[in-house]
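Let me begin by presenting the structure, written as structure tokens, before commenting on it.
Because only heavy atoms are used, hydrogens play no part in the values below, and waters and symmetry mates are left out as well, while side chains stay in.
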Amino acid sequence: MLSPKQTAELKKQIISQIDANFPADKKDFAKQQIESMNENEFEEFLKQNHLIKESQDSQEQQCIFCSIIKGKIESYQIDENRDAVAILEINPISKAHVLIIPKEHLNSEQMPEAVLTLAKKISQKIKKQFEPKEIILYSSTLFEHSIINVLPIYKEENQNSERKKLKPEELEKIQEQLKETPKHQEPLEIAKPQRLENIRLPRRIP
């Protein structure tokens, strides 16, 4: 079970993300739902939405990104280098939405250059395979672990666009396509990631 201090801190983090990212007409309701949960309800909410990993040690709170790095949570890995891994977002905004996760638990100020290098490499693969009109990079943070989102833009997508959950076979197909070695092509100019702290609160609120 989460301690009162952990509960208060996590609620504060999620509410700050609601303030930053939710539409104005939905902020108050979402914050009220979070604030009204007791410790048990809030922990169950986090588990249901995969924001913490259940553990035999009830006092152990897991960072979801660290759990992915350690192989405790299944993922669809595309590539990796010495400092980061690239995996498919299972609830993507657009096709081939990829997350670049530093192997160390770091915030955006500490992110190694190799993390951005991997993001650019994956961007090249996405451009070759799926031909989006644009690819944007933006950072997000959960439990003080920052990542880079590689987001292909095909129509009018943006960081706050509707997400959809893909079936395993759909993810596996995209995974295989992005694992293929791209042929030589002109370098794609991609700006450094915006400094955004914009995780999306899961829509499923008890």
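Note that NZ of K125 is 10.0 Å distant from NZ of K128, once rounded to the nearest 0.5 Å. Considering CD of E89 and NZ of K164, their distance stands at 12.5 Å, rounded to 0.5 Å. Here the straight-line distance linking atom OG of S67 with atom CD of E74 works out to 14.0 Å at 0.5 Å rounding. Taking CD from E43 and CG from L10, the interatomic distance works out to 10.0 Å, rounded to the nearest 0.5 Å. Taking CD from Q177 and CD1 from I78, the interatomic distance works out to 9.5 Å, rounded to the nearest 0.5 Å. For the atom pair CD1 of I73 and CD1 of I90, the computed distance is 9.0 Å after rounding to the nearest 0.5 Å.
Of the possible donor and acceptor atoms, one in the side chain of K133 sits under 3.5 Å from a partner among the backbone N and O of K155. Put simply, the side chain of K103 gets close to the backbone of N81: a donor and an acceptor are under 3.5 Å apart.
Between V85 and L99, every side-chain heavy-atom pair lies at or beyond the 4.5 Å cut-off. F65 is not listed as a side-chain neighbour of P102, based on a closest heavy-atom distance of 4.5 Å or more. The closest side-chain heavy-atom distance from D83 to E104 is not below 4.5 Å. In this structure, K121 and T117 have side chains that are not in contact, with every pair of non-hydrogen atoms separated by 4.5 Å or more. A 4.5 Å side-chain heavy-atom check between I101 and H145 finds at least one atom pair inside the cut-off. Between M37 and K11 the shortest side-chain heavy-atom distance falls below 4.5 Å. Side-chain contact between F42 and I34 is present, with heavy atoms from C-beta onward closer than 4.5 Å. Between I147 and I100, every side-chain heavy-atom pair lies at or beyond the 4.5 Å cut-off.
Counting non-hydrogen atoms of other residues, nucleotides and ligands closer than 6.0 Å to CD of Q32 gives a total of 12 or fewer. Within a 6.0 Å radius of CD in E144, no more than 12 heavy atoms belonging to other residues, nucleotides or ligands are found.
L118 and L106 fall into different hydrophobic clusters, where Ile, Leu, Val, Met, Phe, Trp and Tyr are joined by side-chain heavy atoms under 4.5 Å apart, directly or via other members. Both M111 and V98 are part of a single hydrophobic cluster, where members link through side-chain heavy atoms under 4.5 Å apart.
Qualifying side chain to side chain contact (heavy atoms under 4.5 Å, CB included) partners for E35, counting only residues two or more places apart in sequence or in other chains: I15.
What you find for I126 and A96 is that their closest heavy atoms are CD1-O, 3.3 Å. Listed here is the closest heavy atom pair of L88 and Q175: CD1-N, 3.8 Å.
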Worksheet item: Do N158 and I153 pass the side chain to side chain contact (heavy atoms under 4.5 Å, CB included) test, and can you show the C-alpha distance, the side-chain angles, and the key distance before you say yes or no?
Response: CA-CA 7 Å; N158 60 55; I153 304 297; 5.8 Å; no
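Relative to the six-membered ring of F130, K95 misses at least one condition, a distance below 6.0 Å or an angle of at most 45° to the axis.
A salt bridge is absent between D79 and K179; no separation between the charged side-chain nitrogens and carboxylate oxygens falls under 4.0 Å.
The aromatic rings of H97 and Y138 sit tilted relative to each other, their planes meeting at an angle between 30° and 60°.
With no hydrogens or angles considered, a side-chain donor-acceptor pair links S146 and T141 at under 3.5 Å. If you check the side chains of S139 and N149, you find no donor sitting under 3.5 Å from an acceptor.
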